[in-house]
Amino acid sequence: MTYYCKPVETNYFKANEGYSRLIDVLINNCSEGDYIYINETPISTIEGNLIDESEINSGITSFLITELWCRYLWGYFLCPLLGYNERTIKNLRQMPKEARKHKEFILKRYGLKHALQPTAEAGVDLSNVPGNFVSLLPENPEKSASKIKNMIKKQSNKDVEIIIIDTDPTYKFRNIYFTTLPQSIKGIKNDTGIFGYVLRAFTKKVGATPLATTIDMDIEELINMANIVEECQKNNSTNFFETIYNMQEKFNVKYDEITVEMLDSVKHIPAVILHK
């Protein structure tokens with residue numbers, strides 16, 4: 001099956017602003033029968049699912065996890081041993097002290113299984129959000145996907161399918177799909193945390209993880225389409241903020257100095273439309 005992709009460009013979506021602007025831009029770009037892939041971060045931002053980590057006080061456990069477990073054991077030993085990429089190794093070795101607050105939040109909200117992940121803990125996103133804020137996964141991605149689909153249908157009479165994805169990958173071990181994320185579509189074993197993080201070094205990366213979908217489709221096909229979407233976003237964006245370090249390089253400030261105005265000054269591609 002051949003798919004043609006159309007990136008959807010927008011300004012930055014602000015916290016709690018609601019769906020209206022997103023729906024308008026999707027309607028203006030989609031056609032009947034299209035598949036619309038939307039990243040999870042703009043959904044969470046629109047829904048106000050953000051946390052200010054500056055208000056968190058770290059404890060001894062988060063200190064030990066950050067400094068000994070992540071920075072030294074993973075940064076200098078396990079990541080090189082297991083063949084993780086140089087960017088991950090560099091980021092772990094240069095973790096700022098503020099990472100202790102992040103670990104404290106993950107520990108309290110999601111438990112030790114996710115806090116022990118050196119990176120990408122529970123899908124909590126530090127990029128594409130201002131200051132000390134982090135973006136959690138949508139609370140109910142299936143409900144969000146259905147709401148977007150229904151709003152588009154009601155306002156334009158266009159019947160489309162909505163898929164919400166996270167760039168944190170899904171892996172395949174024999175015939176089992178799994179992800180470290182606490183959420184995914186049915187058929188992908190989720191919430192594996194540190195266990196999945198270690199296992200992924202010995203398995204096949206399939207692609208981005210679908211969190212919710214309004215269409216019943218083969219998992220492999222959904223993920224293959226998600227890979228097309230991710231490539232489309234990268235090829236059509238000069239500001240693909242995959243990590244918090246990409247934002248720092250773009251704006252030339254410390255991560256906690258990044259403002260909504262800075263994020264709003266660049267174009268974002270929160271969604272990609274696929275059609276056959």
Side-chain angles (χ1 to χ4, degrees), residues 1 3 5-10 12-51 122-125 128-129 135-170 177-179 181-191 206-230 232-233 268-276:
M1 182 72 70
Y3 294 102
C5 63
K6 182 178 184 179
V8 177
E9 289 191 356
T10 69
Y12 182 67
F13 287 103
K14 300 175 179 63
N16 294 298
E17 76 165 76
Y19 280 99
S20 296
R21 187 158 62 94
L22 175 62
I23 298 301
D24 286 345
V25 73
L26 292 179
I27 288 174
N28 289 336
N29 284 277
C30 74
S31 301
E32 178 78 14
D34 282 348
Y35 302 97
I36 302 178
Y37 274 72
I38 309 175
N39 288 93
E40 93 292 346
T41 300
I43 298 295
S44 286
T45 304
I46 284 170
E47 295 178 344
N49 200 19
L50 306 179
I51 296 292
V124 176
D125 199 348
N128 293 290
V129 286
S135 170
L136 282 58
L137 293 181
E139 290 187 1
N140 190 334
E142 290 186 1
K143 182 178 179 181
S144 300
S146 295
K147 182 175 183 177
I148 294 169
K149 175 182 172 71
N150 292 335
M151 290 179 73
I152 291 174
K153 177 68 174 177
K154 182 177 180 180
Q155 295 181 32
S156 69
N157 204 33
K158 296 176 182 177
D159 194 7
V160 298
E161 303 298 343
I162 305 297
I163 302 94
I164 298 176
I165 60 171
D166 191 307
T167 54
D168 285 358
T170 287
Y177 296 92
F178 73 92
T179 179
L181 295 171
Q183 298 174 343
S184 68
I185 60 171
K186 186 178 180 181
I188 300 176
K189 181 174 177 54
N190 56 38
D191 203 32
V206 184
T209 301
L211 301 179
T213 176
T214 58
I215 185 172
D216 185 12
M217 182 181 283
D218 178 72
I219 292 175
E220 194 91 26
E221 184 66 13
L222 277 174
I223 296 176
N224 286 339
M225 292 164 67
N227 291 336
I228 295 172
V229 165
E230 191 170 9
C232 179
Q233 286 177 311
H268 298 263
I269 302 179
V272 172
I273 297 173
L274 293 183
H275 47 245
K276 301 175 184 178

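For reference, positions follow the sequence shown, starting with 1.
When all heavy atoms are compared, the tightest approach of Leu26 to Ala271 is CD2-CB, 4.0 Å. Shortest non-hydrogen contact noted between Ser184 and Thr179 is CB-CG2, 4.1 Å. Here the closest non-hydrogen pair linking Phe13 and Pro270 is CE1-CG, 3.8 Å. Residues Ile228 and Tyr3 approach most closely at CD1-CD1, 4.1 Å, considering heavy atoms.
Defined by atom type and a distance below 3.5 Å, a donor-acceptor pair is present between the side-chain atoms of Glu220 and Tyr177. Side-chain contact annotation: Gln233 with Asn39, donor-acceptor N/O pair under 3.5 Å present. The closest side-chain donor-acceptor pair between Asp125 and Ser135, if any, does not fall under 3.5 angstrom. Inspection of the Thr170 and Thr209 side chains reveals an N or O donor paired with an N or O acceptor under 3.5 Å.
The CZ atom of Phe178 sits 12.0 Å away from atom CG of Asn190, with the distance rounded to the nearest 0.5 Å. A distance of 9.5 Å separates OG1 in Thr214 from OH in Tyr35, rounded to the nearest 0.5 Å. Summarising the geometry, atom CG belonging to Leu274 is positioned 6.5 Å from atom OH belonging to Tyr37; distances are rounded to the nearest 0.5 Å. The CD1 atom of Ile165 sits 10.5 Å away from the OG1 atom of Thr41 when rounded to the nearest 0.5 Å. To the nearest 0.5 Å, atoms OG1 (Thr213) and CD1 (Ile163) are separated by 4.5 Å. Between Ile38 atom CD1 and Ile43 atom CD1 the span is 4.5 Å, to the nearest 0.5 Å.
At least one donor-acceptor pair under 3.5 Å links the side chain of Asn227 to the backbone N or O of Val206. At distances below 3.5 Å, at least one donor-acceptor pair connects side-chain atoms of Asp34 with backbone N or O atoms of Ser31. Judged by distance alone, the side chain of Glu40 and the main-chain N or O of Pro210 form no donor-acceptor pair under 3.5 Å. Checking side-chain atoms of Lys153 against main-chain N and O of Val160 turns up no donor-acceptor pair under 3.5 Å.
Two residues are said to be in side-chain contact when any heavy atoms from C-beta on lie closer than 4.5 Å; Cys30 and Ile36 meet this criterion. In this structure the side chain of Thr10 reaches within 4.5 angstrom of the side chain of Val8, judged on heavy atoms. Leu211 has its side chain within reach of Leu137: a pair of non-hydrogen atoms, C-beta onward, lies under 4.5 Å apart. The shortest side-chain heavy-atom distance between Ile185 and Ile219 falls under the 4.5 Å cut-off. Residues Ser144 and Ile164 are in side-chain contact: their nearest non-hydrogen atoms beyond the backbone lie under 4.5 Å apart. Under the 4.5 Å side-chain criterion, counting only non-hydrogen atoms from C-beta, Val272 is not in contact with Lys6. The shortest distance between side-chain heavy atoms of Asp166 and Leu181 falls below 4.5 Å.
At most 12 heavy atoms of other shown residues, nucleotides or ligands fall within 6.0 angstrom of atom CG in Asp216. When the shell of 6.0 Å around NZ of Lys147 is examined, it contains 12 or fewer heavy atoms from other residues, nucleotides or ligands.
The side chain to side chain contact (heavy atoms under 4.5 Å, CB included) check on Gln155 picks up Ile23, Asp24, Ile27, Met151, with sequence neighbours excluded. Partners of Glu161 by salt bridge (Lys or Arg N to Asp or Glu O under 4.0 Å), not counting sequence neighbours, listed by chain and number: Lys149. By the salt bridge (Lys or Arg N to Asp or Glu O under 4.0 Å) test, Glu17 is found to be paired with Arg21, residues two or more places apart in sequence or in another chain being considered.
The aromatic rings of His268 and Tyr12 lie tilted to each other, with the angle between the two planes from 30° to 60°.
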- Task: Tell me, with the steps shown, if Glu230 and Thr167 meet side-chain contact (heavy atoms from CB on, under 4.5 Å).
- Result: CA-CA 8 Å; Glu230 191 170 9; Thr167 54; 3.8 Å; yes
